[in-house]
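To keep things clear, I will list the structure first and then write my remarks on it.
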Amino acid sequence: MKLLEDLNPQQREAVTSPPGPVLVLAGPGSGKTRVLAHRIAYLVEHFGAQPREIMAMTFTNRAAREMSGRVEQLLGSADALQPVSKGGVSLSTFHSLCARLLRRESDLLPVNRQFVIFDESDQHAIIRQALKEINLDPKQVQPGKVHGLISRAKNELIELEAFEANTYFAEITRRVYQRYQQLLLRNNALDFDDLLLWTVRLLREHDDLLAKYRRRYPHILVDEFQDTNTAQYILLRLLAGEEPDLFAVGDPDQSIYRWRGADYRNVHRFKEEYPQAKIILLEQNYRSTQTILNAATAIIDRNPGRQPKRLFTDRGAGVNITFNEAYDENDEARLVIETIASLTYSGQVEPGGCATMYRTNAQSRALEEAFLKAGLPYRLVGAQRFYGRREIKDLIAYLRLIHNPADQVGLLRVLNTPPRGIGAKTVETLLQAASQAELDPAEVLLDLAEGDRSQFAGVFTRRAGAALTEFGRALQGWIKIHDELPLISLIDRVLEETGYREYIDDGTEEGQDRWANIMELRGVAQEYQEMGLTTFLEHVALVSDQDTLTDSQNAPTLLTLHAAKGLEFPVVFIIGLDDGVLPHQRSFDDPEAMAEERRLFYVGITRAKDRLILLRTFRRRQAGVSKLSKPSRFLEDLPPDLVDGNLSTHQTYEQASYQRQTRWDKKFTQPIEARYQVGMQVHHPTFGEGVVLATEIDLDDEVVTVAFEGGKTKHLAASLAGLTILDE
DNA sequence: ATCACAATACTTTTT
DNA sequence: GTATTGTGAT
């Protein structure tokens, strides 16, 4: 059968297993996505499954997209890509599956069909509100910590009644938990954890519902099984039912979401609860050179209590790993760019084949700045940045409020944005009036919009009342039209009637950027024109890693190690190999957490196909202050013969610091000469011709300000920008 | 009472 | 660099 031609014996065994529980333990780069896609195709072609009976679950939309592409190719028709409603394979993340199910079965929920999904910051806001309501100071009790504990409980399917409080902090958390859930309901909202929790609850409590979904999806597949949390595991078991056809693929060594409730022991649980399960090991690696695999093995082997895996490839040893130390994060970023430049220039790799990975998002800033300074394009993964922006959150809050007027968090966000004379005092009065009348604050506003007949006409001062009434009228108008008008028109009306552009676009560069972001979101909305507001809002809440940048752009990728899972690149940089960054400081005192940091490094290493470049910095800015940093303890575990560059972790810290300090001082005190002069004609590969406006020496590089034809002015690093002098 | 600006403290990873 | 809180001007 053609489907099986290119598979090795293990892969083939997995793909052709008779329906039933199957656990594929796959090493990195062993083709597990491929196995999943082939399995889906094989179910259809060999076991006679209907595409619509197959449900494949992933953790990210990106993985779902990739798999649908492969399945489509294999089945040679558009069957797989068809929307579920038209009989295609269901490829979905856990969270969107649950959101859709809950929306459909909303009669059984304490929220109505219009419910919104609260994101991180919304959750944070109601945690703070809950803390205040039970008279706790958000400064003394960290809202994040409380929320973390609540979230973990929910992921373990521990509801309020079962929440045990045997410490002071747990008792506080229990009280906040109670209030938090009430507030969610009042906002007609669910958080991420609720999506899973409620789905499991409904399926457990309603036999007919369970039967319906079991019949609907007789074949279930899961990717990244090691990342399932308890709620997700139970959900899988519920859906798989009495005669499970459950095909799980995972790698315990790549489990990096423990903090989010993921429990790689679900792998053991799977073996125990499905003793008949077929277990298949995929060890051959098709991605990396043996050097990279050996380094990866050396790192992961230090973790206790794991089943050793032998990673092998027939690709040969390849080149050594490179390790380098930079002075600070800017220098580190520059080293990245310089190396990419030289590798691309010598034709060893395409710019798009390079990726730079880091432990924390904050580390991307220096990189971005360096890329911008050099005038080079890059792709940044992690759209959180986009959806986390103030202006984007504002616009989404408006839309959410229109869709679900009970959304108090959204209301409070936009009530005085742009400023319209509704201050803290007025807001307080409004909330009081609302709670006295047992109405949502938005309902009070809508009532005010009715004019003199309003029961609230006398509650507010004249000025405040007028401002609130005006907002109420606007809201009323939008609600009235939101079902009839296309999404875009709704957005345009909101922007226009609120004067949002004048508010945000103040003529500065930043203001223009912000307005451009609004227009970008408007563009996304355009794609959701037909599916409507509900789907759009759900997309916005659940699709965080949708790349705002196109795949087709041939530019280096910047991403966190977490975001890197499931990807591969010919050339990988892992930056910030400093103790406290990777491994992260917050993991130091917890062996389980340290093991996870190690797995994270392992994931990063195994993304590389041909070349791995490790970087650290001698000096690092944290919270504004620059501090000396120690090399990562993980560096000691790398076999020195695989690495070019001085790992030098055997020196004492003081010795090393002294040497490095003098070395760097020397490097940066050597004056360099300016090569450019004001008025010079220059040429840039991307921006074309321009005139030098200013030039300045910055450490050991020259920063040139150039006005390009077409009116753009850029600050460029002379050593990187690739400028040619045309005319003096 | 509202708002703009300054001072403050804090910063893992994500659906 | 960002989010929240505090202060002074209007």
Side-chain angles (χ1 to χ4, degrees), chain A residues 57-64 92-99 117-121 123-125 128 137-139 142-144 148 151 154-155 190-196 224 227-229 231-232 255-262 357-366 368-369 381-385 387-390 393 416-429 460-464 467 506 510 538-546 559-565 576 580-588 590 593 596-597 599-601 603-604 621-625:
Chain A
M57 304 221 210
T58 57
F59 280 80
T60 64
N61 291 282
R62 194 194 62 217
S92 164
T93 63
F94 278 94
H95 285 87
S96 28
L97 169 77
C98 292
I117 299 163
F118 267 12
D119 71 12
E120 181 104 25
S121 73
Q123 294 168 30
H124 194 73
R128 292 178 133 267
D137 185 356
K139 262 185 247 162
Q142 284 181 25
S151 176
K154 284 179 161 190
N155 283 323
L190 300 179
D191 66 12
F192 293 128
D193 307 319
D194 280 338
L195 294 175
L196 301 169
E224 308 286 8
D227 285 331
T228 50
N229 62 34
Q232 286 158 334
S255 161
I256 52 173
Y257 286 105
R258 196 182 75 104
W259 49 274
R260 186 169 91 178
M357 302 174 186
Y358 35 82
R359 175 68 236 265
T360 67
N361 278 310
Q363 290 172 265
S364 74
R365 194 161 300 132
E368 288 189 74
E369 278 172 15
V381 176
Q384 221 141 20
R385 300 205 160 295
Y387 286 102
R389 293 201 160 101
R390 200 175 73 213
K393 276 161 63 173
N416 201 31
T417 317
R420 46 174 78 89
I422 302 170
K425 198 79 195 175
T426 306
V427 170
E428 201 180 301
T429 321
F460 303 97
T461 62
R462 216 168 61 203
R463 236 183 28 191
D506 51 4
E510 194 199 356
E538 199 157 291
H539 165 86
V540 164
L542 294 179
V543 177
S544 71
D545 76 331
Q546 69 133 31
L559 73 181
T560 63
L561 287 163
H562 283 89
K565 198 169 62 166
V581 179
L582 180 63
H584 197 273
Q585 197 151 9
R586 289 173 83 130
S587 305
F588 281 174
D590 178 357
E596 182 148 312
E597 298 285 326
R599 291 194 292 268
L600 201 47
F601 187 31
V603 167
R621 275 167 69 91
Q622 274 172 320
V625 275

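These figures come from a predicted structure and were not determined experimentally. We use all heavy atoms of the structure for the numbers below, so side chains are in, but hydrogens, waters and symmetry mates are not. In what follows, every chain begins at residue 1, and chains take the letters A, B, ... in the order their sequences are listed.
Nucleotide B/dC10 holds its C1' atom 11 Å from the NE2 atom of A/H124, rounded to whole Å. As rounded to whole Å, 14 Å separates atom C1' of B/dT14 from atom CG of A/D191. Rounded to whole Å, the distance from CZ on A/R390 to C1' on C/dG1 is 13 Å. Atom CD in A/Q142 sits about 11 Å away from atom C1' in B/dT11, given to the nearest Å. Atom-to-atom, CZ of A/F588 to P of B/dT13 comes out at 16 Å; the value is rounded to the nearest Å. The CZ atom of A/F192 sits 8 Å away from the C1' atom of B/dT14 (whole-angstrom rounding). Rounding to whole angstrom units, CZ of residue A/R621 and P of B/dT11 are separated by 18 Å. Straight-line distance from the CD atom of A/E369 to the C1' atom of C/dG1: 10 Å, rounded to whole Å.
Under the salt bridge (Lys or Arg N to Asp or Glu O under 4.0 Å) criterion, A/D191 pairs with A/K154, sequence neighbours left out. Residues passing the ring-ring contact (aromatic ring centres under 6.0 Å, His included) test with A/F59 are A/F94, sequence neighbours excluded. With sequence neighbours excluded, the residues forming a ring-ring contact (aromatic ring centres under 6.0 Å, His included) with A/Y257 are A/W259, A/H562, listed by chain and number. The side-chain contact (heavy atoms from CB on, under 4.5 Å) search around A/D119 returns A/S121, A/D122, not counting sequence neighbours. The salt bridge (Lys or Arg N to Asp or Glu O under 4.0 Å) test applied to A/E596 returns A/R599, not counting sequence neighbours.
Listed for the A/Y358 side chain is a donor-acceptor partner under 3.5 Å among the backbone atoms of A/L559.
Put simply, A/W259 rests on the base of B/dT13: the two rings are less than 5.5 Å apart at their centres and nearly parallel, under 30°.
Residue A/N361 has a polar side-chain atom (N or O) positioned under 4.0 Å from OP1 or OP2 of B/dT14. Look at A/T60 and you won't find any side-chain N or O under 4.0 angstrom from OP1 or OP2 of B/dT14.
Side-chain proximity of A/R365 to B/dT14, C/dG1, B/dT11: nearest is C/dG1.
Residue contacts for A/R128: at a heavy-atom cut-off of 4.0 Å it reaches the sugar-phosphate backbone alone, with no base atom in range. Residue A/F94 is classed as having no contact, given no heavy-atom separation below 4.0 Å to the nucleic acid.
The distance from atom OG1 of A/T58 to atom NE2 of A/H95, rounded to the nearest 0.5 Å, is 11.5 Å.
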Between the protein and nucleotides 2-9 of chain B, list the N/O to N/O atom pairs that are separated by less than 3.5 angstrom.
residue	atom	partner	partner atom	Å
B/dT2	OP1	A/G423	N	3.0
B/dT2	OP1	A/T426	OG1	2.5
B/dT2	OP2	A/K425	N	3.3
B/dC3	OP1	A/G421	N	2.9
B/dC3	OP2	A/N416	ND2	2.7

